[in-house]
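Reviewing the structure listed below.
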Amino acid sequence: MKTTAISKQAQQPTNIIAKFNTPQLLKGGLYLSWGTSLLLLIATISGVQGQRHAIQTVGKDAAPSILNAIRIKDSLADMDANAANELLVKPGQNPEAIKGYNERRQKLSGLLVDVASNITYGDAEKIPIQTIVDGVGRYMEKIQQARDFNASGDTNGVITAYREAAEIMDKTLLPAADELAKVNLEQLDKSYDRDQFAVGRSLFFVIISGLLLIGTLVGIQLFLKYRMRRILNPMLLAASAIAFIFLGYTIQALLASSHHLKVAKQDSFKSLYVLRQSRSIAYSANAAESRYLLDTTRAAIHEQAFFDKVDQIAKLPNNQTFETLATTVLKGEKVWGVTGLMADALNNITFEGEKKVAVATLINTFDTYFKLDKQIRQLQESGKRAEAITLCTGYKPGQSNWAFEQFKAAHQKFLDVNQEQFDVAIAKGFKDVQNFEIIAPVATASIALLTLFGLLPRIKEYEM
């Protein structure tokens, strides 16, 4: 009895198939191939569109907004440094500072327009933008008051008005710019993680639907061989080849696009972000250097602010110098013991040319600028205030603003390397998944038609 039950269970699949005649089975295979073709089409288009959305978010929406927010902070801090440099001397004696202030003000206006026109996350972006717009007006009003006091020779009035301006800058404007960048960075990280999961899921469905289609076509081919004694069906063979090639092409395209997105987000943008942050903090440090000379009663506060900002950029252990750090970077070794944003950038060196510009940024320029700041304080402390002001505000070789411009130029090259790689990776990511709205329907329609033309003659044999 047991053997008989097992025998009946084993025969059940055969009996189920036996309920259908050959034409019905052929039509069922045809419809199943069409269904799996449609499933593959839907999975492919969904996966491709999801990948494009992820690239759009990183490359065109969040990342540019984050960098623009930090550029806003650059402009604000540099405006303040130029304002302080202008107020250190009599009206009209520092035209470079006046020019720099006005150029930064104009650039700030353009950046505010850009970020306001690319608001994606509602009030989280609107509020800091509005805070900056309102605060800049009040800051500029206080700076103008300080200029008026400077013109009348009222030193106390200059200091009072500038302190009020500095408070607006430090407690309102710079924090609002940081908040704007933070909002976009958080959204970028969340969106990237979410989109990567969605793309992985879509890739899984593409693979499953593709294998189902190929399995269906192979199954039909085997059915024709063993049921109808047909060796090979050329149409089905062509359909299977197209399905296999299309599936492989789609998987390769999605994986390549995901790789390029990773290069953009994890390699290029990570360095861009820390480099941009280090640049904006350098502008603030430069302003603190000028404040040290302008507001002498709070010199110690401004001096400490300068050192704190320098440490945020790069803080070396006691046994390390910028020269030894350069040797480590050129050897391609991990930077140990060094903290700060530049250390993060140095530990993320990925692309050709980064080592050279990194060394130039830290050794040939920033170290020079840092050493000149020490000379400024030494001159001020020894009673040589005029010489200290000249060294601080001058643009001649060997003066502080000259050194700072050299640092900016070298730093920009460091930025450019990563910006170029970021743009290339984003462009490649888009290119990897382009034209799928044409390729996918053509491929799946071809498979469906070839399957139809391959099976139709066999079906008609039973209708005659």
Side-chain angles (χ1 to χ4, degrees), residues 36-67 118 120 184-185 187-214 239-273 348-354 415-448:
T36 51
S37 294
L38 180 61
L39 187 63
L40 178 59
L41 174 64
I42 293 171
T44 299
I45 296 300
S46 175
V48 165
Q49 290 180 345
Q51 184 65 21
R52 285 203 199 108
H53 178 267
I55 298 170
Q56 177 71 28
T57 299
V58 172
K60 304 297 181 182
D61 296 335
S65 294
I66 293 167
L67 297 179
N118 192 34
T120 310
N184 280 277
L185 182 62
Q187 292 297 330
L188 173 62
D189 290 337
K190 290 178 182 178
S191 180
Y192 177 76
D193 292 339
R194 183 173 60 248
D195 288 340
Q196 286 298 94
F197 175 79
V199 169
R201 182 181 57 196
S202 296
L203 182 60
F204 172 78
F205 284 124
V206 166
I207 294 172
I208 294 300
S209 58
L211 292 177
L212 285 174
L213 174 57
I214 294 172
S240 300
I242 293 174
F244 183 79
I245 293 170
F246 175 69
L247 177 61
Y249 176 76
T250 302
I251 293 172
Q252 184 275 331
L254 288 173
L255 289 176
S257 185
S258 293
H259 169 71
H260 288 130
L261 180 59
K262 177 184 176 296
V263 170
K265 169 65 170 62
Q266 302 296 93
D267 296 333
S268 302
F269 181 75
K270 183 179 179 180
S271 290
L272 277 173
Y273 179 75
N348 194 44
I349 288 178
T350 309
F351 308 113
E352 184 179 352
E354 274 194 283
L415 278 167
D416 289 344
V417 170
N418 285 278
Q419 184 66 60
E420 181 181 356
Q421 294 298 328
F422 178 83
D423 294 338
V424 168
I426 291 298
K428 286 183 177 179
F430 275 122
K431 187 177 180 180
D432 289 331
V433 290
Q434 70 181 3
N435 298 326
F436 264 87
E437 281 77 6
I438 299 174
I439 296 171
V442 169
T444 52
S446 298
I447 294 168

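Ring geometry for Y249 versus F436: interplanar angle under 30°, hence parallel rather than tilted (30 to 60°).
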May I have the step-by-step check of side chain to side chain contact (heavy atoms under 4.5 Å, CB included) for Q56 and F430, ending in yes or no? CA-CA 9 Å; Q56 177 71 28; F430 275 122; 3.7 Å; yes

The test is side chain to side chain contact (heavy atoms under 4.5 Å, CB included); show your working for F422 and V417 and say whether it passes. CA-CA 9 Å; F422 178 83; V417 170; over 6 Å; no

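The backbone N or O of V442 lies less than 3.5 Å from a partner atom in the side chain of S446, making a donor-acceptor pair. Without hydrogens or angle criteria, S209 side chain to V206 main chain gives a donor-acceptor distance under 3.5 Å.
In this structure, T57 OG1 and L261 CG are separated by 9.0 Å, a value rounded to the nearest 0.5 Å. To the nearest 0.5 Å, the span separating CD1 on I55 from OG on S257 amounts to 3.0 Å. Distance check, rounded to the nearest 0.5 Å: CG of L213 to CG of L39 gives 9.0 Å. A distance of 10.0 Å separates CG of L67 from CG of L185, quoted to the nearest 0.5 Å. Atoms OG1 and CD, on T44 and Q49 in that order, are 11.0 Å from each other to the nearest 0.5 Å. Note that CD1 of I66 and CZ of F269 are 3.5 Å apart. Values are rounded to the nearest 0.5 Å.
Listed by chain and residue number, D195 satisfy the side-chain hydrogen bond (donor to acceptor under 3.5 Å, both in side chains) test with S191 (two or more places apart in sequence, or in another chain). Every residue two or more places apart in sequence or in another chain that forms a side-chain contact (heavy atoms from CB on, under 4.5 Å) with L41 is listed here: L38, I45, A440, P441, T444. Taking the side-chain hydrogen bond (donor to acceptor under 3.5 Å, both in side chains) definition, one finds that Q419 meets it with D423, sequence neighbours left out.
Between I42 and F205 the shortest side-chain heavy-atom distance does not fall below 4.5 Å. For the pair L212/I208, a side-chain contact is recorded, criterion being any heavy-atom separation below 4.5 Å from C-beta on.
Defined by atom type and a distance below 3.5 Å, a donor-acceptor pair is missing between the side-chain atoms of S268 and Q421.
Across I426 and A264, no two heavy atoms sit closer than the pair CD1-CB, 3.7 Å. Closest of all the heavy-atom pairs between Q266 and K270 is O-CB, 3.2 Å.
Ionic pairing of D189 and K265 is present here: one or more N-O contacts between side-chain nitrogen and carboxylate oxygen are shorter than 4.0 angstrom.
Among residue pairs with one or both ends in residues 248-264, none qualify as salt bridge (Lys or Arg N to Asp or Glu O under 4.0 Å); sequence neighbours excluded. Evaluation of the salt bridge (Lys or Arg N to Asp or Glu O under 4.0 Å) test over residues 43-61, restricted to residues two or more places apart or in two chains, returns R52-E437.
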Quick one: side chains of residues 241-248, donor-acceptor pairs under 3.5 Å with protein atoms, not counting sequence neighbours, listed by atom name and distance.
none

